[in-house]
Amino acid sequence: MEIAFLGPYGTFCEQALRSLHLDAELRPAASTTAALDVLRAGEVDLACVPIESSVEGAVPATMDGLVENPPLVIVREILLPVRFAVLVRRGTTAESVGTVASHPHGEAQTRRWLAANLPGAEVRMTPSTAAAAAAVADGQVDAAVCAAVAAPHYDLEVLVDGVHDTGDAVTRFVVVARAGGVPPAPTGADRTSIAATTVNEPGSLLALLTEFAIRGVDLTRIESRPSKARLGTYWFFLDGAGHVAEAAMGEALAALHRRCTELRYLGSYPRAEVPASSTAPSPPVGAPVPGQGAADYEAAAAWLDALRAPEPPAIG
Ligand SMILES: O=C(O)C(=O)Cc1ccccc1
């Protein structure tokens, strides 16, 4: 099995993927879009990309890539606590740093530290944090904001570690497959992702959300991205607790199918927990709502079946 990831070697994405201990060959891709493209082209079996961070929110390239064609589905999610370091070529001092590079999410999570500690430095964006480290090694920039583990890959040294503005930052990564394969089996603690477009009229988004609410499905995330067709039209990305194989989620998706202009199923997969090393636990999700559990759905469906197809009365 071959898995593309946001490379080059030394990214947080590589760390997230390695934490799964999969028996697979890992192939670094030059960008999030490139990782999804090689997956779509059938060159790899899976791709691992960042999708959101607790500090900076969505990774737009991933959200956009998930609704391009041919369709892709999420099969795993990984939550990784991230900690940033400033890496430089050996012998570089803070005073001699004129340029510093990072992924936009790295820059966003260290902006105040950079302004306070490297005030004169010009900040440049790279497709990943490790790409910034590679740019330091090549002499294109003086410093990179990235994971300290990237240092040996590029023969750099850690100038300062722990340069984040907000402690306990967590990034969520997703492992993505081409649609049409066997989905991960329900575990009882799953998440389902969809993207939907709807007509622009009062209450249309509320109507979508209501399909989840009335079935007791706990929504864990909502994002919008431009549809790119024209200004003012959007994809709404929704994550909810549950699995497509479960009645509540399945019925909510069927209802959305009737309501939405376009609906993409983006996968059902086990919910990841924030690793114990982080002190910021995720809020509990998917707690059962009275009358809305899987057993309640089964009992209600059996009741309805019996109404529709009653047993003929026993005579005699
Ligand atoms: O660039 C990386 O190393 C990534 O994996 C993306 C990223 C960037 C910044 C914070 C978390 C993840």
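Quick note: numbers below take in every heavy atom, side chains included, and nothing from hydrogens, waters or symmetry partners.
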Atom [atom1] of [X]: over 12 foreign heavy atoms under 6.0 Å:
X    : atom1 : answer
L231 : CG    : no
D161 : CG    : yes
R230 : CZ    : no

Looking at side-chain heavy atoms only, is the closest gap between [X] and [Y] below 4.5 Å?
X    : Y    : value
L238 : F212 : yes
D64  : K228 : yes
V145 : T129 : no
P28  : F5   : yes
I78  : C48  : yes
V176 : L72  : yes
I3   : R27  : no

Practice task
If the plane angle is over 60° it's perpendicular, under 30° parallel, otherwise tilted; pick one for H105 and H103.
Solution key: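 Perpendicular: the ring planes of H105 and H103 meet at over 60°.
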
Handout entry: Whether Y9 and H153 hold their rings parallel, tilted or perpendicular, with breakpoints at 30° and 60°
Key =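 Rings of Y9 and H153: parallel, as their planes differ by under 30°.
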
Salt bridge check, [Y] against [X]: does any charged N sit closer than 4.0 Å to a carboxylate O?
X    : Y    : value
D155 : R89  : no
E107 : R124 : no
E262 : R264 : yes
E223 : R221 : yes
R271 : E77  : no
R215 : D296 : no

Exercise for the section: Check step by step if side chain to side chain contact (heavy atoms under 4.5 Å, CB included) holds for F237 and V67. Expected result: CA-CA 10 Å; F237 289 81; V67 288; 3.8 Å; yes

Problem - For the student: nearest non-hydrogen atoms of A16 and L80, plus distance - result: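 Taking every non-hydrogen atom into account, N-CD2, 4.2 Å.
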
Exercise for the section: Please report the shortest heavy-atom distance between V141 and A101, naming the atom on each side. Expected result: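 Minimum heavy-atom contact is CG2-CB, 4.0 Å.
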
Exercise for the section: Decide yes or no on side chain to side chain contact (heavy atoms under 4.5 Å, CB included) for W113 and H164, but give the supporting numbers first. Expected result: CA-CA 7 Å; W113 188 95; H164 44 265; over 6 Å; no

Practice task
Applying side chain to side chain contact (heavy atoms under 4.5 Å, CB included), run through T197 and T233 and close with a yes or a no.
Solution key: CA-CA 8 Å; T197 60; T233 59; over 6 Å; no

Handout entry: Pair T99-D142, side-chain donor/acceptor within less than 3.5 Å
Key =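 Per modelled atom types, T99 and D142 side chains form a pair under 3.5 Å.
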
Exercise for the section: Kindly indicate, with the supporting measurements, whether the criterion side-chain hydrogen bond (donor to acceptor under 3.5 Å, both in side chains) is fulfilled by Y269 and T192. Expected result: CA-CA 7 Å; Y269 46 90; T192 295; over 6 Å; no

